[in-house]
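Note: hydrogens, waters and symmetry copies are ignored here, and every other heavy atom, side chains too, is used. Owing to the predicted nature of the structure, the values given are computational and were not obtained by experimental measurement.
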There are 2 protein chains.
Amino acid sequence: MAIQSPIWRSPVTSSDRLLLEIQRAIVEGDIPAGSKISEPELARRFSVSRAPLREALARLERCHLIERTPNAGARVVTLSLAGLLSLYQLREELEGLACRLAAENMDDAEIAELSALLEAHLASQRVREGESYYQEEGDLDFHYRIILGSKNSYLINILCDELYFLVRMYRVQLGMNGPRVSRAFDEHKAIINAIANRDGELADLLMRRHIGASRKNIELKLLNAGS
Amino acid sequence: MAIQSPIWRSPVTSSDRLLLEIQRAIVEGDIPAGSKISEPELARRFSVSRAPLREALARLERCHLIERTPNAGARVVTLSLAGLLSLYQLREELEGLACRLAAENMDDAEIAELSALLEAHLASQRVREGESYYQEEGDLDFHYRIILGSKNSYLINILCDELYFLVRMYRVQLGMNGPRVSRAFDEHKAIINAIANRDGELADLLMRRHIGASRKNIELKLLNAGS
DNA sequence: TTAAGATATATTGTCGACAATCTGCTGGCA
DNA sequence: TGCCAGCAGATTGTCGACAATATATCTTAA
């Protein structure tokens, strides 16, 4: 996953490591959604000064994982149905575009590699039935590669750096596993085929449906959990 | 322009003021594209310490106005045809979506206000023929309001906070005035009408064409300037 | 008893200094 | 002559302390 960006680069500095750790903590609910972020406390917890911590917080804000108000501090975002719908509206649009561009810009080798990757995931999926972590990893990897295949750096930046951690947060904290897992593979396969055939419009359509189905799935869980 | 975000909020802190000043300087070419950013120099120039300066730089990176590499510093972005195309590809997609959502979510008062605003701009445009600054202000204001009308906070954030300064930079530094100005008003008018008729699909289509035309215009200038 | 104001506490924003890292140059060696 | 190692200078990253601001508590008057 060699995305060159302030968020995906290998951690060379303290704030890089902090970013990764706090990101994971927020996404997995270790630091609960909606809770206030205390700079002195986090600084003690990770044994660093507040300077790299604030740098990390600035980047967390960029990922939409926290919200800061001047002179009042930062809070972890809260998950909501409205937020989920807004997020997935964007994903449908942007990943649809990514598919169209990928169908133009991915070379044959990249497509073959992606196809092989999917087969590997399918095989390992059959073995590890129900183990949602690997499924999620595989799904994200699939989406990442198509986004990278678009070769549009702004699009890549927005999706991979700024939106996907929030997507993961929704998925992890609302437990995105279950019967949809098996169907997702077929949908992925169909999307790859469209890209391989250089049919950008079809890939676009299929991706929008794929994400839309995923949204409905989470939406259902959220409504059930809320009642 | 009461967008609540780390970038549009009224400047309450030093780094807020720094952000606005450096943003303006970069967009208008006062700090030339591609040049290296020296933290000590800027800190002296604006009479602040490096702490708020670095905060401002982090947010400038978020606007895609500078690029930072760890332990090596920051550079102002360079303008290129490829960058312009990538940027406008995204704008077409995102502002198209914004139109579709605005047709659903803007209330009648907002639409009436937007329509009145356009008429005012048209009147003042006829008077100040050729004065490109007001035209640009008016155009941006138009786009902003539709984006805000989408009521999708992620979409708003991406377009207004992260992409639009770069758009302005391309326009300012490549001199976006001339014969297209008059036609843009008609296109704006048609888009508003579609939104007022709650015809999201048409508004989407018209906005994509509007931005596409704008892209071709800049593209032309860039090619001529490059040769 | 409640509400408004003042005070105390805690948190965030900013500063200057130091440590770690990179860049460019000099000098020695093949 | 060309190239690599090592050094000097500058730049970025991090630290601890102070100033400015917000939040919580307590007092006091209606």
Side-chain angles (χ1 to χ4, degrees), chain A residues 4-23 25-26 31-78, chain B residues 4-23 25-26 31-32 34-78 161:
Chain A
Q4 196 52 33
S5 87
I7 288 173
W8 283 96
R9 73 184 180 218
S10 54
V12 301
T13 176
S14 294
S15 66
D16 289 340
R17 282 184 292 276
L18 273 176
L19 175 66
L20 291 178
E21 296 209 54
I22 303 178
Q23 236 172 19
I26 291 179
I31 300 176
S35 63
K36 179 154 175 19
I37 299 266
S38 164
E39 291 185 7
E41 184 201 323
L42 277 186
R44 277 196 307 275
R45 178 165 158 187
F46 292 106
S47 307
V48 291
S49 101
R50 283 174 49 223
L53 176 63
R54 286 171 64 86
E55 179 91 25
L57 291 182
R59 288 194 265 170
L60 283 172
E61 185 180 30
R62 189 171 167 175
C63 309
H64 303 273
L65 291 184
I66 67 172
E67 288 166 353
R68 302 170 91 187
T69 44
N71 288 317
R75 306 194 76 86
V76 179
V77 295
T78 58
Chain B
Q4 197 50 35
S5 87
I7 288 173
W8 282 96
R9 74 184 178 217
S10 54
V12 301
T13 177
S14 294
S15 67
D16 289 339
R17 282 184 292 276
L18 273 176
L19 176 66
L20 291 178
E21 294 209 53
I22 303 177
Q23 236 173 19
I26 291 178
I31 300 176
S35 63
K36 179 155 174 21
I37 300 266
S38 164
E39 292 185 6
E41 184 202 321
L42 276 187
R44 277 196 307 277
R45 178 166 158 187
F46 292 107
S47 307
V48 291
S49 101
R50 282 174 53 223
L53 176 62
R54 285 171 64 87
E55 178 91 22
L57 290 182
R59 289 195 264 169
L60 284 171
E61 185 180 29
R62 188 170 169 176
C63 310
H64 303 273
L65 291 183
I66 66 172
E67 289 166 353
R68 301 169 91 187
T69 44
N71 289 317
R75 304 195 78 86
V76 179
V77 294
T78 58
D161 295 351

Residues A:Thr13, B:Asn71; criterion side chain to side chain contact (heavy atoms under 4.5 Å, CB included); working and verdict: CA-CA 9 Å; A:Thr13 176; B:Asn71 289 317; 5.8 Å; no
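- Closest to the A:Asn71 side chain, of the nucleotides D:dT21, D:dT12, D:dT23, is D:dT21.
- Residues that satisfy the side-chain contact (heavy atoms from CB on, under 4.5 Å) test with B:Arg75, not counting sequence neighbours, are B:Lys36.
- For A:Ser15, counting side-chain heavy atoms from C-beta on, the closest listed nucleotide (C:dG13, C:dC15, D:dT14) is D:dT14.
- With a 4.5 Å cut-off on side-chain heavy atoms, B:Ile26 and B:Val77 do not count as touching.
- Between the CZ atom of B:Arg75 and the P atom of D:dT12 there is a distance of 11 Å, rounded to whole Å.
- Put simply, the side chain of A:Ile66 reaches to within 4.5 Å of the side chain of A:Leu57, judged on heavy atoms.
- Stem analysis of DNA chain D (at least three stacked-register Watson-Crick or G-U pairs, each with both distances under 3.5 Å) gives C:1-30 with D:1-30.
- Of the inter-residue distances, the one linking A:Ile22 atom CD1 with A:Leu65 atom CG reads 10.5 Å to the nearest 0.5 angstrom.
- Annotation: side chain of A:Gln23 is in contact with side chain of A:Leu20 (closest heavy-atom distance under 4.5 Å).
- The closest side-chain heavy-atom distance from B:Ile37 to B:Val76 is below 4.5 Å.
- Contacts between residues 37-46 of chain B and DNA chain D, defined by a heavy-atom separation below 4.0 Å, involve B:Ile37, B:Glu39, B:Pro40, listed by number.
- Taking atom CD of residue A:Glu61 and atom P of nucleotide C:dT12, one finds them 14 Å apart after rounding to whole Å.
- The side chain of B:Thr13 contributes an N or O atom lying less than 4.0 Å from OP1 or OP2 of C:dT14.
- Across all non-hydrogen atoms, the minimal contact from A:Ser15 to A:Pro52 is CB-O, 3.4 Å.
- Partners of A:Thr78 under the side-chain contact (heavy atoms from CB on, under 4.5 Å) rule, at least two apart in sequence or in another chain, do not exist in this structure.
- In terms of phosphate contacts, A:Ser14 brings no side-chain nitrogen or oxygen within less than 4.0 Å of OP1 or OP2 of D:dG13.
- Classification of A:Arg59 and A:Asp16 as a salt-bridged pair holds, one side-chain N sitting under 4.0 Å from a carboxylate O.
- Contact between the side-chain N/O atoms of B:Lys36 and the OP1/OP2 oxygens of D:dT12 is found at a separation under 4.0 Å.
- For the pair B:Leu57 CG and D:dT12 P, the interatomic distance rounds to 9 Å; values are reported in whole Å.
- Straight-line distance from the CG atom of B:Leu53 to the C1' atom of C:dC15: 13 Å, rounded to whole Å.
- With rounding to whole Å, B:Arg68 atom CZ is found 16 Å from C:dC22 atom P.
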Give the table of side-chain donor-acceptor pairs shorter than 3.5 Å for residues 40-51 of chain A, with sequence neighbours excluded, one pair per line with atom names and distance.
unit_1, atom_1, unit_2, atom_2, d
A:Ser49, OG, A:Ala51, N, 3.1
A:Arg50, NE, A:Glu39, OE1, 3.1
A:Arg50, NH2, A:Glu39, OE1, 3.1

Produce the list of close N/O pairs, under 3.5 Å, pairing protein atoms with atoms of nucleotides 16-18 of chain D; give distances to one decimal.
none

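- A straight line from CD of B:Glu55 to C1' of D:dT14 spans 16 Å, rounded to a whole angstrom.
- B:Arg54 places its CZ atom 14 Å from the P atom of D:dT11, with the value rounded to the nearest Å.
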